[in-house]
Amino acid sequence: MQIESKLPNVGVTIFTKMSKMAHEYNAINLAQGFPDFPVSPELIDRVHHYMQEGMNQYAPMPGVPILREAISSKTEHCYGWKPNVDSEITVTCGAIEAINSAVSALIHPGDEVIIMDPAYDAYEPIINLQGAKAIGVPLRQPDYSIDWEGVRSQITSKTKMIMINTPHNPSGATISVKDLSELEQITEGTGIMVLSDEVYEHIVFDGQAHQSVLRSEALRKRSVVTSSFGKTFHATGWRMGYLIAPSELMIEIRKVHQYNTFTIHTATQYAIADYLKDTAHYEDVAPMYQTKRDFFLKVMKGSRFKPVPAKGTYFQLMDYSAISEKGDVEFSEWMTKEIGVATIPMSVFYQDKQDNRVLRFCFAKNENTLAAAAEKLCAL
Ligand code: GLN
């Protein structure tokens, strides 16, 4: 059989590769982004409760109403605007299903989608699967801020969507109020949609407010916003995400979602709806991670790694150019095998795979995990 690959340049993701390697070499895994501490027993208890109550059959296609109501109230509480429970919220299998369903529904062959470069590794293949093209606009150095002039210069008659990600994986950068107004100006009077990946919305540091596109009346009319309970509640394996979009876009997105995953785990949806009633359950997440970031920076102080300040997410970039001349892929493999700490090489997130000798470390870990990793890294 002659198989014509739809993604000829894609292998397994770097996260799969590095987690496998970490396992093989018994290295501390600061590569793939997932917490090594437990989910709240109260939340687990609620899932168990609803499974015992018999919530074990298909949920409604867009998500259970009580969870959509809770998401709507949370959105109003955080960003001052309440999405419509029936028409503007859909619960998805992680944010990646949300992005996949949205792009599949809204992007046609030949369209162009502007993404930031570096970007989360899934965006470009998802765009390419629609026969569309991802146009990367380099983020500015040294702070990975968005170059709005660069974005403007890439807009053509084929541009259908601008994808942003704040807080940004892999850099940890966040956008400001000014960035939101730039995005408003660029898209005003155009048919360009925005896809804003905000899965780390509750992990922003140093007293900043998360600048969701949902704060802007002009932007939310054209935006699909994705979020993730996996990130917020330390349960990445539960695959619980959602998206918010205006009803005209949501009608199209649900046409795909219904034939993609159809519905999401029922009991977990009820459990999360209960858990969201206490705002501290999501408001206390940022200070918890800020303490971890600061702890990681403190224990890494004695090392020759140079941190790039993280304003959000649970990732910390570190420049290792004072330690080695090796390329970042080779260096991260060597570190996993020989030093016993797995990380993600930053070059994989760039369209041109540029190598600036920077690694991404996940600090969503217990302090003893971070301290054990730092001890090994400080010896380098
Ligand atoms: N989002 C996670 C990260 O950035 C990875 C998820 C995955 O393995 N696909 O590390």
Side-chain angles (χ1 to χ4, degrees), residues 7 10-24 27-37 39 92-101 103 115-129 139 144 163-174 195-204 226-243 260-261 285 289 292-293 296 308 310-318 328-329 332-333 335-336 341-350 358-365 369-370 373:
L7 295 171
V10 170
V12 296
T13 74
I14 189 71
F15 312 113
T16 300
K17 174 183 153 184
M18 296 313 294
S19 278
K20 183 165 175 273
M21 233 177 139
H23 185 72
E24 266 167 33
I28 299 171
N29 191 353
L30 305 188
Q32 190 179 29
F34 64 89
D36 75 344
F37 44 88
V39 172
T92 58
C93 179
I96 206 66
E97 191 253 313
I99 296 172
N100 232 310
S101 292
V103 171
I115 65 171
M116 302 307 140
D117 189 24
Y120 185 58
D121 71 330
Y123 299 168
E124 188 162 357
I126 288 173
I127 293 163
N128 292 160
L129 277 173
L139 290 173
Y144 297 91
M163 277 174 84
I164 63 166
N165 173 209
T166 184
H168 180 256
N169 180 7
S171 73
T174 54
L195 193 151
S196 185
D197 177 355
E198 302 184 9
V199 295
Y200 299 98
E201 63 178 326
H202 297 298
I203 313 180
V204 291
T226 65
S227 192
S228 160
F229 293 119
K231 303 290 186 292
T232 303
F233 298 140
H234 339 308
T236 60
W238 287 9
R239 314 306 300 129
M240 290 290 297
Y242 63 90
L243 62 86
N260 194 351
T261 54
V285 174
Y289 276 119
K292 290 192 184 296
R293 177 199 63 174
F296 185 53
V308 179
K311 294 183 181 164
T313 74
Y314 43 52
F315 303 115
Q316 173 68 58
L317 298 185
M318 296 262 184
D328 66 354
V329 172
S332 62
E333 289 174 3
M335 249 181 44
T336 309
V341 180
T343 57
I344 299 289
M346 186 69 174
S347 62
V348 302
F349 299 107
Y350 285 94
V358 174
L359 300 175
R360 191 197 78 173
F361 294 74
C362 173
F363 59 79
K365 307 291 169 188
T369 311
L370 296 173

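Just so it is clear, the values below take in all heavy atoms, side chains as well, and ignore hydrogens, waters and symmetry mates. Numbering of ligands and ligand atoms starts at 1, following listing order.
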Can the ring centroids of Y120 and F15 be said to lie less than 6.0 angstrom from one another?
->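 That pair passes the under 6.0 Å test.
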Output the set of protein residues with a heavy-atom contact under 4.0 Å to ligand 1, ordered first by chain identifier and then by residue number.
->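 Under the 4.0 Å cut-off, ligand 1 touches F15, Q32, G33, Y120, N169, F315, R360.
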Min side-chain heavy-atom separation K17-V329 under 4.5 Å =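 They are in side-chain contact.
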Using a 4.5 Å cut-off on heavy atoms from C-beta on, say whether the side chain of W238 contacts that of F233.
->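 Side-chain contact under 4.5 Å: no.
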Considering residues at least two apart in sequence or located in another chain, which fulfil the salt bridge (Lys or Arg N to Asp or Glu O under 4.0 Å) criterion with [X]?
| X | answer |
| --- | --- |
| K311 | none |
| E201 | K74 |
| E97 | none |

